There are 2 protein chains.
Amino acid sequence: MYICIMYSSELLKGSLKTIVMQQLKEHGKMYGYEITQRVKELSKEKILITEGALYPALHALEAEGYLTTETEFIGKRVRKYYSLTPSGQTKVLEKINEFAEFMSTMKLILQLQPNSN
Amino acid sequence: MYICIMYSSELLKGSLKTIVMQQLKEHGKMYGYEITQRVKELSKEKILITEGALYPALHALEAEGYLTTETEFIGKRVRKYYSLTPSGQTKVLEKINEFAEFMSTMKLILQLQPNSN
DNA sequence: TTATATACATAAGAAAATTATGTATATTTG
DNA sequence: CAAATATACATAATTTTCTTATGTATATAA
């Protein structure tokens, strides 16, 4: 029996695309399931990206021109690899900066001491 | 003509109640408009809480038992002061801790260097 | 062989904002 | 002094972005 404190629900809103794009920036080329697993591992189970959130986000980012896809077959199973387009590479930097600034402002607003992490 | 980079829209989602409760924790007793102005000032115009977001949030927090209200008249104009209930005082600490943890995880995920703010 | 993991996708519903609208008083400015 | 702006509340319609549920299918571990 576990008690799982997952803030993925409320606080994650608005930062999912940033996380996804950062992973692609770091690893060049990834497929959906891989992203969920890596984020799960990196966050020590604290950020669990659901499929219902991930796939629509990936499709939206592709429609916005930030991602391109290549389909690959592993045996009979399909895998859809996503990678950043040039405009996606610009966008991810913007998003990361924006998030860093947001964190900085929130630290001020919430009066968190500089080394509270 | 200005260019206003406001992340209040996307990133703020899920953290509005935390901000509001933190302000009440710090100042004891505040009315809605006062909260918007203080946060605006503190954040250097970066976090602009809209009325359509604030008032429903305050009403919800009151319904959840975290806030109580006192109505005051300034001349003929009404002012509704909110303050934390005992359970609200507990809750705000939880919320701040949760946010700090979230920031810490995001710093890891987004590979932000410790002093990037 | 059965459960679990991998791998995609979409639809219904909920939560929490934005934007728009409404009401009213107080103050500043031209 | 009139008009614009600031103060102060509130709610409704809409949008965004999740969760939860459902669906399909293959691969692997127990």
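Chain letters run A, B, ... following the sequence lines, proteins first, then strands; residues in each count from 1. Small disclaimer: the values here were computed from a predicted structure and weren't measured.
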[N] [atom2] sits how many Å from [X] [atom1], rounded?
X	N	atom1	atom2	value
A:His59	D:dT17	NE2	P	16 Å
A:Lys40	C:dT6	NZ	P	8 Å
A:Glu51	D:dT19	CD	C1'	12 Å
B:Glu72	D:dC9	CD	P	11 Å
A:Tyr55	C:dT6	OH	C1'	9 Å
A:Leu12	C:dA14	CG	P	21 Å
A:Leu58	D:dT17	CG	C1'	14 Å
B:Leu54	C:dA16	CG	P	15 Å

Discussion item. Short of 4.0 Å, heavy atom to strand atom, which residues of residues 23-35 of chain B count as contacting DNA chain C?
Written reply: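 Nucleic-acid contacts, sorted: none.
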Worksheet item: Hey, is the main chain of A:Gly65 close enough, under 3.5 Å, to the side chain of A:Ser87 for a donor-acceptor pair?
Response: yes
Worksheet entry | Exam field: side chain A:Ser43 to backbone A:Lys46, donor-acceptor pair closer than 3.5 Å |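 Flag set: sc A:Ser43 to bb A:Lys46 pair under 3.5 Å.
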Discussion item. As a test of reading the structure: which of D:dA8, C:dT18, D:dT11 is closest to the side chain of B:Arg79, going by heavy atoms?
Written reply: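 It is D:dA8.
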Item to complete: Compare the minimum distances between each of D:dC9, D:dT11, C:dT6 and the side chain of A:Gln37, then state the nucleotide with the smallest one.
Response: C:dT6
Between the protein and nucleotides 23-27 of chain C, which nitrogen or oxygen pairs come in under 3.5 angstrom?
unit_1, atom_1, unit_2, atom_2, d
C:dT25, O2, B:Arg77, NH1, 2.4
C:dA26, OP1, B:Lys76, N, 3.2
C:dA26, O4', B:Arg77, NH1, 3.3

Fill in: Criterion ring pair (Phe, Tyr, Trp, His ring centres under 6.0 Å) against A:Tyr81, the qualifying member of A:Phe73, A:Tyr31, A:Tyr33
A:Tyr31
Fill in: Which atom of B:Leu54 lies closest to which atom of B:Ile49, heavy atoms considered
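Scanning both residues completely, I find the closest heavy atoms to be CB-CG2, 3.8 Å.
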Worksheet entry | Minimum heavy-atom distance A:Leu58-A:Gly32, with the two atoms named |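 Scanning both residues completely, I find the closest heavy atoms to be CD1-CA, 4.1 Å.
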Worksheet item: Does the side chain of A:Gln22 pick up a donor-acceptor pair with the side chain of A:Glu26 at under 3.5 Å?
Response: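 Looking only at side-chain atoms, A:Glu26 and A:Gln22 do form a donor-acceptor pair, the distance falling under 3.5 Å.
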Discussion item. Counting only side-chain nitrogens and oxygens, does A:Lys13 get under 4.0 Å of the OP1 or OP2 atom of D:dT19?
Written reply: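 No, because none of the side-chain N or O atoms of A:Lys13 sits under 4.0 Å from OP1 or OP2 of D:dT19.
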Item to complete: Please say which of B:Leu61, B:Thr68, B:Leu67 ends up in a side-chain contact (heavy atoms from CB on, under 4.5 Å) with B:Tyr82.
Response: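 Exactly one pass, corresponding to B:Leu67.
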Worksheet item: Roughly how far apart are A:Leu93 CG and A:Lys25 NZ, rounded to 0.5 Å?
Response: 6.0 Å
Discussion item. So that I can tick it off, tell me whether B:Glu64 and B:Lys17 are bridged by a salt bridge, with the cut-off set at under 4.0 angstrom between side-chain N and carboxylate O.
Written reply: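 Result for this pair is yes, salt bridge flagged.
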